Trainee: 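Got a structure here, written out as structure tokens. Questions coming.
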Amino acid sequence: MKEELRMAWRNLWRNKRRTLVTSSSVFFAVFFSVIMRSYQLGSYDQIINNFIESFSGYLQVQHADYQNNPLIDNSFDYNDSVAAAIMKLKDVVSVTPHLESFSLASSGAQTKGVAIVAIDPELERKFTDPAGKLVRYRFTPGALEKMKESGLLSEKLLSAVTANIGRAYSSTARMELELGLSQSEN
């Protein structure tokens with residue numbers, strides 16, 4: 001065995017350039033594989049945390065029959081004693097009720113499935129801040145025409161609005177950020 005290892009080692013260095021090219025190729029392939037795998041796992045963790053923290057939280061309490069048969073009939077009555085029992089658990093920050101269901105919505109000849117989520121807005125404010133996600137501003141072609149007719153807006157602002165037709169904004173600050181404006185330019 002020792003003789004075979006020595007012969008293999010000598011054979012590797014018989015052509016030094018080939019050995020260096022091959023070993024560096026293997027090194028960089030493994031290095032980039034490890035980097036990409038860590039990036040992939042980090043992305044998965046971030047996606048999972050974003051979803052958990054913005055919707056259901058880390059703990060979800062549901063009726064025992066709901067998992068196998070997710071119907072609205074398999075829900076339970078939410079009351080303060082249920083919330084108090086859940087709040088006693090370690091690391092629970094807030095409790096908020098959600099009632100989720102599925103329905104069909106139609107407009108004209110088009111019908112699509114929609115998710116219906118009922119929340120308590122006061123309790124939900126501590127958890128996901130639904131008011132912060134509502135659309136407050138949207139640029140439409142009609143609004144753009146009125147802006148052009150008024151003549152009060154600069155060319156820079158008009159071109160920024162034109163480029164963002166159809167975009168929705170939840171706050172003035174977000175709109176200013178995405179349009180590249182400051183308070184003095186309005």
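What you see is a predicted model; the values in this text were computed from it and never measured. Computation of the quantities below employed the complete heavy-atom set of this structure, encompassing side-chain atoms and omitting hydrogens, waters and symmetry-equivalent molecules.
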Trainee: Of all heavy-atom pairs between M87 and V95, which one has the smallest distance, and what is that distance?
Mentor: SD-CG2, 3.4 Å

Trainee: Starting from F76, can I reach L71 by hopping between I/L/V/M/F/W/Y residues whose side chains sit under 4.5 Å apart?
Mentor: no

Trainee: Taking the hydrophobic residues Ile, Leu, Val, Met, Phe, Trp and Tyr, and joining any pair whose side-chain heavy atoms are under 4.5 Å apart, which ones share a cluster with I35?
Mentor: F27, F28, F31, F32

Trainee: Please answer: with hydrophobic residues joined when any side-chain heavy atoms are less than 4.5 Å apart, are F51 and I119 in the same cluster?
Mentor: yes

Trainee: Measure the CG-CG distance between D45 and N50 for me, rounded to the nearest 0.5 Å.
Mentor: 11.0 Å

Trainee: State which residues pass side chain to side chain contact (heavy atoms under 4.5 Å, CB included) with E155; sequence neighbours excluded, sorted by chain then number.
Mentor: L158

Trainee: Measure the OG1-CE distance between T162 and M147 for me, rounded to the nearest 0.5 Å.
Mentor: 9.0 Å

Trainee: I need the R18 CZ to L20 CG distance, nearest 0.5 Å.
Mentor: 11.0 Å

Trainee: Does R6 form a salt bridge (Lys or Arg N to Asp or Glu O under 4.0 Å) with E3? I'd like the steps, not just the answer.
Mentor: CA-CA 5 Å; R6 196 170 75 143; E3 185 66 30; 3.5 Å; yes

Trainee: Any chance you could measure E100, atom CD, to Y66, atom OH, to the nearest 0.5 Å?
Mentor: 5.5 Å

Trainee: If we ignore hydrogens and angles and just use 3.5 Å, is the side chain of R136 paired with the main-chain N or O of S170 as donor and acceptor?
Mentor: yes

Trainee: Roughly how far apart are S75 OG and H98 NE2, rounded to 0.5 Å?
Mentor: 14.0 Å

Trainee: Go through the steps to decide whether N164 and Y169 satisfy the test side-chain contact (heavy atoms from CB on, under 4.5 Å), and finish with yes or no.
Mentor: CA-CA 10 Å; N164 288 288; Y169 302 97; 3.5 Å; yes

Trainee: If every non-hydrogen atom of D77 is compared with every non-hydrogen atom of V82, which pair is closest and at what distance?
Mentor: O-CG2, 4.4 Å

Trainee: Evaluate side-chain contact (heavy atoms from CB on, under 4.5 Å) for L5 paired with K2, printing each intermediate quantity in order.
Mentor: CA-CA 5 Å; L5 286 175; K2 189 176 181 183; 5.9 Å; no

Trainee: Over all heavy atoms of both residues, which pair between T111 and S106 is shortest? Give the atoms and the distance, please.
Mentor: OG1-CB, 3.3 Å

Trainee: So which heavy atom on T96 is nearest to which on L123, and how close?
Mentor: OG1-CB, 3.7 Å

Trainee: Following the transitive rule for hydrophobic clusters with a side-chain heavy-atom cut-off under 4.5 Å over Ile, Leu, Val, Met, Phe, Trp and Tyr, establish whether L59 and Y78 coincide in one cluster.
Mentor: yes

Trainee: Nearest 0.5 Å, what's the OG1-OH distance between T172 and Y137?
Mentor: 3.0 Å

Trainee: Shortest non-hydrogen contact from A105 to V114?
Mentor: CB-CG1, 3.9 Å

Trainee: Where do T19 and W13 land on the side-chain contact (heavy atoms from CB on, under 4.5 Å) test, with the steps shown first?
Mentor: CA-CA 7 Å; T19 301; W13 295 108; 4.1 Å; yes

Trainee: Measure across M175 and F139 and return the closest heavy-atom pair with its distance rounded to 0.1 Å.
Mentor: SD-CZ, 3.5 Å

